[in-house]
Student: 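One structure coming up, written as C-alpha cells, with questions to follow.
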Amino acid sequence: SAVISQKPSRDICQRGTSLTIQCQVDSQVTMMFWYRQQPGQSLTLIATANQGSEATYESGFVIDKFPISRPNLTFSTLTVSNMSPEDSSIYLCSVVPWGLAGRKQYFGPGTRLTVT
Amino acid sequence: GENVEQHPSTLSVQEGDSAVIKCTYSDSASNYFPWYKQELGKGPQLIIDIRSNVGEKKDQRIAVTLNKTAKHFSLHITETQPEDSAVYFCAAIPLVGSSNTGKLIFGQGTTLQVKP
C-alpha cells in the first residue's frame, strides 16, 4: 500500500471563501481521485486527478467549483471554491499504486471541512 | 451507470457471533469489488477485495463471496470482536469498454456494532 497524507486535517471556513486541500503520497502512483463524504453518508467521486492535464469530473461536479491540480505522480490538490454550508463534508483523496491496474485503491485520512 | 445497494444499514451482534453484509450491483461489466472499513474520524481502510473471476476469498476472520449471475456480493466476519465496530462500505468498479476506470461506486454503508 501507500502512505497518504492530507493537509489540513480539518478546517472551519467562512462562506464565500476557498480552501485548498493537499494530498501527498510517499511513492509514485498511477491514479489519484478525490471523493466527498457528506455527514453520515457514503462516498461520492468528485473527479479523477490526471497528471499534467485537466481533471476528469463526474456528473454534478464542475471545475470552477472544485479545481484540481496534479503536477506529478505523488501530489494533488483540490480547491473548494466560493464555499457554502452545503460544502461541509469530509474530502478524501485516494490512490492506486503502480502495477495494480486501477484496482486496489487506498484512501487518505480525509479533510474535515465545516463552512459557517 | 453502475449502482450499488447495501444492506443492512445497521447491524448489531454479540461478540463472537458472525456478521454478514450484502451488496448488489447493477452493471454486469463491473469486475472488481472491494470492501472498506471506516472508523470514526478516519479514512476508509481496504480490508478485502474480490475480482469477478473468483467466487470466494478469505483473509483470517473475513471472507467475501461473489455471485456474478445474481450480481451480488457479501462480506462475512466471523468471531466478531468489539474492534470490528465501524462503518463498512462495499464498492464496485465498472469497466468502460475494456478499460478499468478505477472509479469506485460505493454502497450506502453499514454501521456494525459488536457488543462485548
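Order of the sequence lines sets the chain letters (A, B, ...), proteins ahead of strands, with each chain counted from 1.
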Student: Within a 6.0 Å radius of atom CD on B/Glu15, are there more than 12 heavy atoms belonging to other residues, nucleotides or ligands?
Tutor: yes
Student: Considering only heavy atoms, give the residues of residues 35-48 of chain B separated from chain A by less than 4.5 Å, sorted numerically, with 'none' for an empty result.
Tutor: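 Residues in range: B/Tyr36, B/Gln38, B/Gly41, B/Lys42, B/Gly43, B/Pro44, B/Leu46.
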Student: Between B/Gly102 and A/Tyr35, what is the shortest heavy-atom contact and its length?
Tutor: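 So the two residues come closest at O-OH, 4.2 Å.
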Student: Rounded at 0.5 Å granularity, tell me how far CD1 in B/Ile105 sits from OG1 in A/Thr44.
Tutor: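 Taking CD1 in B/Ile105 and OG1 in A/Thr44, the distance rounds to 9.0 Å.
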Student: Contact between A/Gln37 and B/Phe89 at the side-chain level, heavy atoms closer than 4.5 Å - yes or no?
Tutor: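 Yes - at least one pair of side-chain heavy atoms lies under 4.5 Å apart.
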Student: Would B/Phe106 and A/Ile46 show up in the same hydrophobic cluster when neighbours are defined by side-chain heavy atoms closer than 4.5 Å?
Tutor: no
Student: Verify the neighbour count for atom NZ of A/Lys65: are there more than 12 heavy atoms of other residues, nucleotides or ligands below 6.0 Å?
Tutor: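 Above 12, so yes.
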Student: Does A/Lys104 form a salt bridge (charged side-chain N to carboxylate O under 4.0 Å, His left out) with B/Asp49? I'd like the steps, not just the answer.
Tutor: CA-CA 8 Å; A/Lys104 289 187 187 291; B/Asp49 56 4; 2.7 Å; yes
Student: Do A/Met32 and A/Leu78 land in one hydrophobic cluster if side-chain heavy atoms of ILVMFWY residues count as linked below 4.5 Å?
Tutor: no
Student: Other residues, nucleotides and ligands only: do more than 12 of their heavy atoms fall within 6.0 Å of CD1 on A/Ile12?
Tutor: no
Student: Checking heavy atoms, do the side chain of A/Gln41, its backbone, both or neither come under 4.5 Å from chain B?
Tutor: backbone
Student: Would you compute the distance between atom CG of B/Asn31 and atom CZ of A/Arg103 and round it to the nearest 0.5 angstrom?
Tutor: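 Going from CG on B/Asn31 over to CZ on A/Arg103, the span is 4.5 Å.
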Student: Other residues, nucleotides and ligands only: do more than 12 of their heavy atoms fall within 6.0 Å of CZ on B/Arg61?
Tutor: yes
Student: To the nearest 0.5 Å, how far apart are NZ in B/Lys103 and CE in A/Met31?
Tutor: 9.5 Å
Student: Could you tell me whether a side-chain N or O of A/Ser42 sits under 3.5 Å from a main-chain N or O of B/Gly109, the two making a donor and an acceptor?
Tutor: no
Student: Please say whether more than 12 non-hydrogen atoms of neighbouring residues, nucleotides or ligands are located less than 6.0 Å from CD in B/Gln14.
Tutor: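 Enclosed: over 12 neighbouring heavy atoms sit under 6.0 Å from CD of B/Gln14.
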Student: If you draw a 6.0 Å radius around CD in B/Glu83, do more than 12 non-hydrogen atoms from other residues or ligands fall strictly inside?
Tutor: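 Counting neighbours around CD of B/Glu83, more than 12 heavy atoms of other residues, nucleotides or ligands fall under 6.0 Å, so yes.
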Student: For A/Leu45, is it the side chain, the backbone, both, or neither that has a heavy atom closer than 4.5 Å to a heavy atom of chain B?
Tutor: side chain
Student: Is there a continuous path of hydrophobic side-chain contacts, each under 4.5 Å between heavy atoms, that joins A/Ile21 to A/Ile68?
Tutor: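 Yes; tracing contacts between hydrophobic side chains, which count when under 4.5 Å, links both residues.
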Student: Please tabulate, for side-chain N and O atoms in residues 16-28 of chain B, each donor-acceptor pair with protein atoms closer than 3.5 Å (sequence neighbours left out).
Tutor:
residue	atom	partner	partner atom	Å
B/Ser26	OG	B/Glu2	OE1	2.9
B/Ser26	OG	B/Asn3	N	2.9
B/Asp27	OD1	B/Ala29	N	2.8

Student: Specify which of A/Thr48, A/Leu43, A/Leu92 makes the most heavy-atom pairs with chain B at under 4.5 Å.
Tutor: A/Leu43
Student: Side chain, backbone, both or neither: which part of A/Arg112 has a non-hydrogen atom closer than 4.5 Å to chain B?
Tutor: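 Just the side chain, heavy atoms under 4.5 Å.
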Student: With the 4.5 Å side-chain cut-off for hydrophobic clustering, are B/Tyr32 and A/Val95 part of the same group?
Tutor: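 Shared cluster, yes.
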